[in-house]
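Beneath this line is the structure, given in structure tokens, with notes to follow.
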Amino acid sequence: MNPTDNKGKVLLFNTLSKRKELLSPIVPDHVGLYVCGPTVYGEPHLGHARPAVTFDLVFRYLTHIGYKVRYVRNITDVGHLEHDADEGEDKIAKKARLEQLEPMEVAQYYMDSYHKAMDALNVKNPSIEPRASGHIIEQIEMVQKILDKGFAYVSDGSVYFDVEKFDKTFGYGKLSGRVLSELIANTRELDGQSEKRNPADFALWKKAAPEHIMRWNSPWSVGFPGWHIECTAMSTKYLGEQFDIHGGGMDLLFPHHESEVCQSTVANGKSSVRYWMHNNMITINGQKMGKSLGNFITLNEFFTGSHKMLTQAYSPMTIRFFVLQAHYRGTVDFSNEALISAEKGMEKLYAAERHLDKLKAGAQSTEDINAWVERCYEAMNDDFNSPKVIAELFEASRIINAVKDGHATLTAEDVETLKHYYRVFFFDILGMKPETANVADKYSEAMNKVMDLVLSIRQDAKANKNWAISDKIRDELNAAGITVKDTKDGAEWSL
RNA sequence: GGUCUCUUGGCCGAGUGGUUAGGUACCGGUCUGCAAAACCGUUGACUCCAGUUCGAAUCUGGAAGAGACCUCCA
């Protein structure tokens with residue numbers, strides 16, 4: 001039983017083919033993984049947690065079974081176009097003006113906030129976290145490349161991708177299943193449309209309006225890159241013209257990822273992504289989360305319980321566990337009831353983990369531990385089926401408790417195997433971490449209460465002149481490293 | 001309206017054409033001075049209709065419902 005035996009056995013659902021495919025990296029033993037990261041202009045929320053946790057699982061598992069994974073997750077800090085009231089205004093620029101801050105100050109603030117939330121969720125840092133603002137040159141070069149190949153045109157300082165020409169040459173909509181003629185029929189009147197030859201065309205470079213704060217020089221105008229070009233430019237730079245996995249939320253499938261396909265196909269001569277993976281959305285009480293719906297809950301609000309829809313605080317690990325208890329391609333619905341039941345289940349798994357070191361070996365095994373390990377790997381190999389893995393951990397916790405209570409026995413070898421793989425799957429692969437800080441707080445809080453209680457019992461004994469009890473308490477506490485001093489104002493204690 | 005996805009027991013959620021998912025809740029029992037934990041057991045499901053099949057929650061067709069994207073948000 002060797003983790004690396006699972007290389008070449010990983011099935012993943014490819015949005016492009018709509019079926020599970022065997023992961024076969026372009027470069028043997030190496031996997032290139034690109035995931036669309038956050039736009040840093042707001043507090044991190046559940047919508048950020050889902051893809052981060054999902055692809056953290058992918059990253060952790062592929063690494064565990066021996067692949068060298070280069071995981072690139074970008075930071076979008078040049079904002080996206082806004083098509084409503086503020087014409088062509090950059091999201092980050094808008095927020096910046098409202099708060100009277102430099103745009104990059106805002107981006108920095110929310111990027112830090114995002115990183116803190118990711119740390120809390122025990123999401124590993126990607127191998128490279130490139131910022132869009134740091135790759136303006138690469139983006140300009142790619143736009144120029146697309147222009148040179150004749151699949152884009154300049155219109156009043158902006159550059160647009162010629163979708164119709166792309167459709168005739170390569171076929172448009174392979175990823176999202178959109179048909180160009182239907183798209184055109186359904187397109188609304190939007191900003192910049194008059195500059196476009198075709199309403200389905202999308203911007204590669206946008207000329208900045210006078211009030212637009214974030215702006216860079218380019219051969220076409222002072223402006224900013226289009227919505228989709230950063231991912232293509234940065235994934236090409238760090239993972240090559242062709243790479244293995246591109247991930248992101250399902251909502252990015254169209255138009256973002258479809259546009260990425262267009263851009264890379266023209267710029268690099270081929271569609272760069274082998275496997276497209278999309279995580280499903282999150283709903284709250286059955287409704288989608290949106291600022292306008294009043295059910296927009298940030299991660300910090302979950303961690304502190306400070307939102308009117310939450311009946312209690314939920315630790316970062318509860319959120320992570322809850323996300324992992326559903327398969328990444330299904331929607332996840334958050335409700336207090338569901339979170340509480342997840343929290344209880346999670347605590348059961350932590351309790352079982354604590355019992356592992358106390359297990360005593362027997363002469364023979366009444367449980368098949370090797371088969372259990374196999375099932376765990378099979379679940380992960382089958383499109384990262386974390387809910388199945390969690391179910392297997394519950395099965396293991398049943399075994400652990402049974403051995404502890406003497407209802408089952410395991411050989412010394414099986415005890416070691418169980419210990420090892422329980423921790424591998426719970427901590428290393430699912431990425432659960434002991435909430436040590438939390439635990440320490442709970443301990444010190446409980447300690448204070450215990451000492452209050454003990455000292456009040458001693459006070460009662462002294463009041464009754466029961467010196468034997470009061471001295472015993474003081475001496476025994478002293479022996480345990482706790483010094484008790486009687487003062488005028490009552491007893492004090494210190495460690 | 002278009003494209004796509006989904007519909008499993010009180011709640012959350014895996015899944016294979018025939019065999020217990022699992023968690024949580026509830027109920028009964030063991031254990032415990034009481035309680036908790038743990039363990040054992042019971043109850044409870046596959047949206048509806050039709051078809052294929054010896055047999056379908058699992059395949060096919062249809063209906064209903066929900067959600068996502070097309071429009072700010074992952």
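Letters go in sequence order (proteins before strands), and every chain restarts at 1.
- With a 4.5 Å cut-off on side-chain heavy atoms, F302(A) and L339(A) count as touching.
- You'll find that the side chain of K344(A) is closest to rU24(B), out of rU24(B), rC70(B), rG23(B).
- Residue-level contact check: R50(A) touches neither bases nor backbone, having no heavy atom under 4.0 Å from any strand.
- Under the 6.0 Å cut-off for aromatic ring centres, Y314(A) and H307(A) do not qualify, their centroids lying 6.0 Å or more apart.
- Closest approach of L12(A) to M277(A), counting heavy atoms only: CD2-SD, 4.2 Å.
- If you measure from atom CZ of F384(A) to atom P of rA14(B), you get 16 Å, rounded to the nearest angstrom.
- With P as the reference atom, rG1(B) and rU8(B) are 24 Å apart, rounded to whole Å.
- Under a 4.0 Å N-O distance rule, the pair R60(A)/D56(A) qualifies as a salt bridge.
- Separating the C1' atom of rU19(B) from that of rG23(B) is a span of 22 Å, rounded to the nearest Å.
- Nucleotides rU58(B) and rG15(B) place their C1' atoms 9 Å apart, quoted to the nearest Å.
- Put simply, CZ on F55(A) is 11 Å from C1' on rA74(B), counting in whole angstrom units.
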Decide side-chain contact (heavy atoms from CB on, under 4.5 Å) for C262(A) and F202(A); before the verdict, give the C-alpha distance in whole Å, the side-chain angles of both, and the deciding distance to 0.1 Å. CA-CA 10 Å; C262(A) 293; F202(A) 57 89; 4.1 Å; yes
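- Across all strands shown, I390(A) has no heavy atoms under 4.0 Å from either base or sugar-phosphate atoms.
- The nearest whole Å value for the distance from the CZ atom in F254(A) to the C1' atom in rG2(B) is 11 Å.
- Distance from the side chain of S341(A) is smallest to rU24(B) among rU5(B), rU24(B), rC70(B).
- As a whole-Å value, the separation of M346(A) CE from rC12(B) P is 19 Å.
- Under the salt bridge (charged side-chain N to carboxylate O under 4.0 Å, His left out) criterion, D357(A) pairs with K419(A), R423(A), not counting sequence neighbours.
- In terms of the side chain to side chain donor-acceptor pair (under 3.5 Å) criterion, residue partners of S113(A) (sequence neighbours excluded) are, by chain and number, E43(A).
- Of all the residues in residues 115-128 of chain A, not one reaches under 4.0 Å from RNA chain B with any non-hydrogen atom.
- Look at N385(A) and you'll find a side-chain N or O under 4.0 angstrom from OP1 or OP2 of rG15(B).
- Taking the P atoms as reference points, rC31(B) lies 22 Å from rC26(B), given to the whole Å.
- Residue M250(A) is out of contact with every strand shown, counting any heavy-atom pair closer than 4.0 Å.
- Comparing rA74(B), rA14(B), rC69(B) by their nearest atom to the side chain of H327(A) picks out rA14(B).
- As judged by a 4.0 angstrom heavy-atom cut-off over every strand, G345(A) is placed among residues touching the sugar-phosphate backbone only.
- Classification of E395(A) and R398(A) as a salt-bridged pair holds, one side-chain N sitting under 4.0 Å from a carboxylate O.
- Side-chain atoms of T331(A) and D333(A) include no donor-acceptor pair closer than 3.5 Å.
- Taking a pair as Watson-Crick or G-U with both hydrogen-bonding distances under 3.5 Å, the stems of three or more pairs touching RNA chain B are B:1-7 with B:64-70, B:10-12 with B:22-24, B:27-30 with B:38-41, B:47-51 with B:59-63.
- The gap from the C1' atom of rU42(B) to that of rC59(B) amounts to 34 Å, rounded to the nearest Å.
- Distance L180(A) CG to rC70(B) C1': 13 Å, rounded to the nearest Å.
- Residue contacts for L253(A): at a heavy-atom cut-off of 4.0 Å it reaches no nucleic acid atom on any strand shown.
- Within 4.0 Å (heavy atoms only), A338(A) reaches sugar-phosphate atoms of the nucleic acid but no base atom.
- Rounded to whole Å, the separation between the C1' atoms of rC11(B) and rA25(B) comes to 8 Å.
- Considering only residues two or more places apart in sequence or on other chains, Y71(A) meets the ring-ring contact (aromatic ring centres under 6.0 Å, His included) condition with F59(A).
- Across rU7(B) and rG28(B), the matching P atoms stand 34 Å from one another, rounded to whole Å.
- Between the side chains of D77(A) and Y110(A), no donor N or O sits under 3.5 Å from an acceptor N or O.
- I282(A) places its CD1 atom 15 Å from the P atom of rC12(B), with the value rounded to the nearest Å.
- In the set rU5(B), rC69(B), rG13(B), the nucleotide with an atom closest to the side chain of K18(A) is rU5(B).
- A donor atom on one side chain and an acceptor atom on the other are not found under 3.5 Å apart for N370(A) and E374(A).
- Within the 4.5 Å cutoff, side-chain heavy atoms of Q263(A) are placed close to those of L204(A).
- Looking at N74(A) and H135(A), their side chains never come closer than 4.5 Å, going by heavy atoms from C-beta outward.
- Note on D333(A): only backbone sugar-phosphate atoms sit closer than 4.0 angstrom, heavy atoms only; bases stay farther off.
- Contacts of S176(A) with the nucleic acid, taken as non-hydrogen atoms under 4.0 Å apart, involve only primed sugar atoms and P, OP1 or OP2.
- The distance between atom CD of E343(A) and atom C1' of rA25(B), rounded to the nearest whole Å, is 15 Å.
- Residue P387(A) places its side chain closer to rA14(B) than to any other of rC70(B), rG23(B), rA14(B).
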Any N/O pairs under 3.5 Å between the protein and nucleotides 37-41 of chain B? List them or say none.
{"from": "rA38(B)", "atom 1": "O3'", "to": "N401(A)", "atom 2": "ND2", "distance (Å)": "3.1"}
{"from": "rA38(B)", "atom 1": "O2'", "to": "D405(A)", "atom 2": "OD2", "distance (Å)": "2.4"}
{"from": "rC39(B)", "atom 1": "OP1", "to": "N401(A)", "atom 2": "ND2", "distance (Å)": "3.0"}

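- Protein atom CE of M281(A) is 11 Å distant from nucleotide atom P of rC70(B), rounded to whole Å.
- Checking P51(A) against S335(A), the closest nucleotide of RNA chain B that is more toward the 5' end is the one next to S335(A).
- Between rA36(B) and rA74(B), the two P atoms lie 45 Å apart (nearest whole Å).
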